[in-house]
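Worksheet for the structure shown next.
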2 protein chains.
Amino acid sequence: MTGDRRKFRREGADQRKEALVRATLSLIAEEGVRGATVRAIAERAEVTQGLIRHYFSTKEELVLAAYTQHMNAMTDQTFAGAEGATAKARLAALVVASVTPPVVDPAAIGLWAGFLNHVRQNARMQEVHARTYHDFRDRLEALIAEVLREDGRAIDAGACRRLAIACNAVIDGLWLEGGALPEAFEEGELATIVVQSVGAILGLNLTDVEARQ
Amino acid sequence: MTGDRRKFRREGADQRKEALVRATLSLIAEEGVRGATVRAIAERAEVTQGLIRHYFSTKEELVLAAYTQHMNAMTDQTFAGAEGATAKARLAALVVASVTPPVVDPAAIGLWAGFLNHVRQNARMQEVHARTYHDFRDRLEALIAEVLREDGRAIDAGACRRLAIACNAVIDGLWLEGGALPEAFEEGELATIVVQSVGAILGLNLTDVEARQ
DNA sequence: CGAGTAATTATGCAAGCGTATAATTGAACG
DNA sequence: CGTTCAATTATACGCTTGCATAATTACTCG
């Protein structure tokens, strides 16, 4: 007589956790952290809300896990395409990949916006952000140093760090714009702009290696 | 025996509305639209929640009013400093103002993030956004056209529009970065970067007129 | 194939949400 | 100085929220 109880399949912890994280991210991208309610997340992951508590002691815990996973995925995705024979070619490829799908993506901007204020007010989220951000910037800085060395230029460590920060800012900024206003740019336009801008900052011409994709 | 009722002062509609809008904006900057609850807004504006209903038929109405006011204020603020003898000087001043306080401001980024998803999902908010965005870009495009004419360059209307979009993107992107990571840049560093980047896009040197402030 | 147990569902609770409406009161006016 | 009325407060309602806990059920293992 209690036959109206919902049927279910047992799954491994990792699979369930990942499904919950995925549902959380897609909801945060649309509605922000506050809009990603426990009930909505459960529905999207096709489980009932009680199960969330079984894997994450609190909503905050789930949000933190989702943020960590997302930030790592973004960094990996960006560096995935950064290949080439010369350092200059690798830098150009990295820079172009940063402003090209799938890295540039309206949903990713929604996530960025949805997380921003939450990160600002939460020490543990800040830690994740700082770690990911510095990791990216350090790798970018190393690549820039290599490019300048390749080009036979003198490299002061402090100056190199400042160049990396500036390039990172331009890349991030254009990434945001590209995702926020996808219709504002023609195919490849953002790539041209970012290559020009980073080239201008570093004082070298990146356009000659760009015709690789 | 009912003496514990809260004392209050009657105020003009405009003043009260503005106070409510200000409270709304500061809360959205911190907590997003969902986090800016009617009760919290009322508390910050030092009134009781019922009064909000008296001036705005719905929370959505208040949020829309706040968004409109904020967007207009941002545009005005940016163009306020764009003065100079030559068009080139005005462009340089505008570009620098865009990445300098008070236009660049962590709270403004919080607002941007807080509003983003809400704008995406609300037609009336989208309309306000489009109007403000195109207004800004049109003024920027006119200024760029003037600069190129001043420089004796041929100006195709379509090309000019694309240049404006690109410059706008760089400006917006750096504006976002400057506000999101205020400690990442030294004094004037963002100004240098944006002047270089916009100069690179337009194919001219803006740095020579920059030493004006 | 039957028992055990971890995964999952179901239900409940206190607090907070936006909105509606009734009750008060500050200030302008004759 | 009493009247009047819009500005303001107070209260309440139905719904949603995050979290807790009890009841079930799908697999595993002997």
Side-chain angles (χ1 to χ4, degrees), chain A residues 1-21 23-24 27-28 30-67 114 117-118 121-122 124-125, chain B residues 1-21 23-24 27-28 30-67 114 117-118 121-122 124-125:
Chain A
M1 291 304 168
T2 51
D4 53 351
R5 197 182 176 93
R6 178 178 176 146
K7 300 285 183 236
F8 61 91
R9 273 187 48 228
R10 297 173 92 124
E11 297 224 356
D14 289 349
Q15 241 169 312
R16 271 285 190 250
K17 278 190 178 184
E18 203 205 297
L20 288 171
V21 161
T24 304
L27 267 164
I28 291 178
E30 294 168 17
E31 316 268 5
V33 172
R34 260 187 167 90
T37 68
V38 171
R39 282 165 177 83
I41 293 169
E43 186 182 8
R44 192 160 291 193
E46 295 181 314
V47 296
T48 54
Q49 50 160 327
L51 191 60
I52 291 181
R53 259 283 281 185
H54 190 254
Y55 288 114
F56 300 92
S57 63
T58 207
K59 177 186 170 180
E60 194 56 36
E61 216 63 36
L62 169 56
V63 170
L64 182 67
Y67 184 61
N117 281 307
H118 213 253
Q121 290 170 12
N122 185 308
R124 293 171 71 195
M125 303 271 290
Chain B
M1 289 305 166
T2 50
D4 53 351
R5 197 182 175 92
R6 179 176 174 147
K7 300 291 182 230
F8 62 91
R9 273 187 48 227
R10 297 171 91 120
E11 298 222 357
D14 289 349
Q15 241 170 311
R16 271 285 191 250
K17 279 190 177 181
E18 204 205 297
L20 288 171
V21 162
T24 304
L27 266 164
I28 290 178
E30 294 168 17
E31 315 268 4
V33 172
R34 260 188 167 90
T37 69
V38 171
R39 283 165 177 83
I41 293 169
E43 186 182 8
R44 192 160 291 194
E46 295 182 313
V47 295
T48 54
Q49 51 160 326
L51 191 60
I52 291 181
R53 260 280 283 184
H54 190 254
Y55 288 114
F56 300 93
S57 63
T58 207
K59 176 186 172 180
E60 194 55 36
E61 216 64 37
L62 169 56
V63 170
L64 181 66
Y67 184 61
N117 282 306
H118 212 254
Q121 291 171 11
N122 185 307
R124 293 171 71 195
M125 302 271 289

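The structure presented is a predicted model; accordingly, all values stated were derived computationally and were not measured. In what follows, chains carry the letters A, B, and so on, assigned in the order in which the sequence lines appear, proteins first and then strands, with residues in each chain numbered from 1.
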Subject >> Positions of residues 46-59 of chain B (non-hydrogen atom under 4.0 Å from DNA chain C), listed by number >> reply: B:Gln49, B:Arg53, B:Thr58, B:Lys59
Original post:
Quick one: on DNA chain C, does B:Arg10 or B:Ala40 contact a more 5' nucleotide (nearest heavy atom)?
Top reply: B:Ala40
Subject >> Nearest-angstrom distance from the residue atom CZ of B:Phe8 to C1' of C:dA27 >> reply: 10 Å
Original post:
Do B:Glu61 and B:Tyr55 come within less than 4.5 Å of each other through their side chains, counting heavy atoms only?
Top reply: no
**OP:** To the nearest 0.5 angstrom, please state how far the CZ atom of B:Arg9 sits from the CD atom of B:Gln15.
**Re:** 7.5 Å
Original post:
With respect to the side chain of A:Arg5, which nucleotide from C:dG18, C:dT9, D:dG18 is positioned closest?
Top reply: C:dT9
Original post:
For DNA chain C, what residues of residues 11-20 of chain A have any heavy atom nearer than 4.0 Å?
Top reply: A:Glu11, A:Arg16
Original post:
At their closest point, which heavy atom of B:Ala36 faces which heavy atom of B:Ile28, and how far apart are they?
Top reply: CB-CG1, 3.7 Å
Original post:
Quick one: does B:Glu31's side chain get under 4.5 Å of B:Thr37's, heavy atoms only?
Top reply: no
Subject >> 4.5 Å side-chain heavy-atom contact, B:Glu60 and B:His118 >> reply: yes
**OP:** Nearest whole angstrom, please: distance from the C1' of C:dA27 to the NZ of B:Lys7.
**Re:** 14 Å
**OP:** Please state how far atom CD in A:Glu31 lies from atom C1' in D:dT17, giving the value in whole angstrom units.
**Re:** 15 Å
Original post:
Do B:Leu51 and B:His54 come close enough that some side-chain heavy atom pair is under 4.5 Å?
Top reply: yes
Subject >> Check: A:Val33 and A:Asn117 side chains under 4.5 Å, non-hydrogen atoms >> reply: no
Original post:
For the atom pair CZ (B:Arg39) and CD1 (B:Ile52), what is the distance rounded to the nearest 0.5 Å?
Top reply: 10.0 Å
Original post:
D:dC19 C1' sits how many Å from A:Glu60 CD, rounded?
Top reply: 14 Å
Subject >> Earlier contact from the 5' end, DNA chain D, for B:Arg9 and B:Arg39 >> reply: B:Arg9
Original post:
Looking at side-chain heavy atoms only, is the closest gap between A:Leu62 and A:Val38 below 4.5 Å?
Top reply: no
**OP:** Could you provide the dot-bracket string of DNA chain D, using ( ) for intrastrand pairs, [ ] for crossing pairs and | for bases paired to another strand, with Watson-Crick or G-U pairs below 3.5 Å?
**Re:** ||||||||||||||||||||||||||||||
Original post:
More than 12 non-hydrogen atoms from neighbouring residues, nucleotides or ligands closer than 6.0 Å to CD on B:Glu43, yes or no?
Top reply: no
**OP:** For B:Arg6 and B:Glu46, run salt bridge (Lys or Arg N to Asp or Glu O under 4.0 Å): C-alpha distance rounded to whole Å, both residues' side-chain angles, the deciding distance at 0.1 Å, then the answer.
**Re:** CA-CA 11 Å; B:Arg6 179 176 174 147; B:Glu46 295 182 313; over 6 Å; no
**OP:** Specify the separation, in whole Å, of atom CZ of B:Arg34 and atom C1' of C:dG16.
**Re:** 14 Å
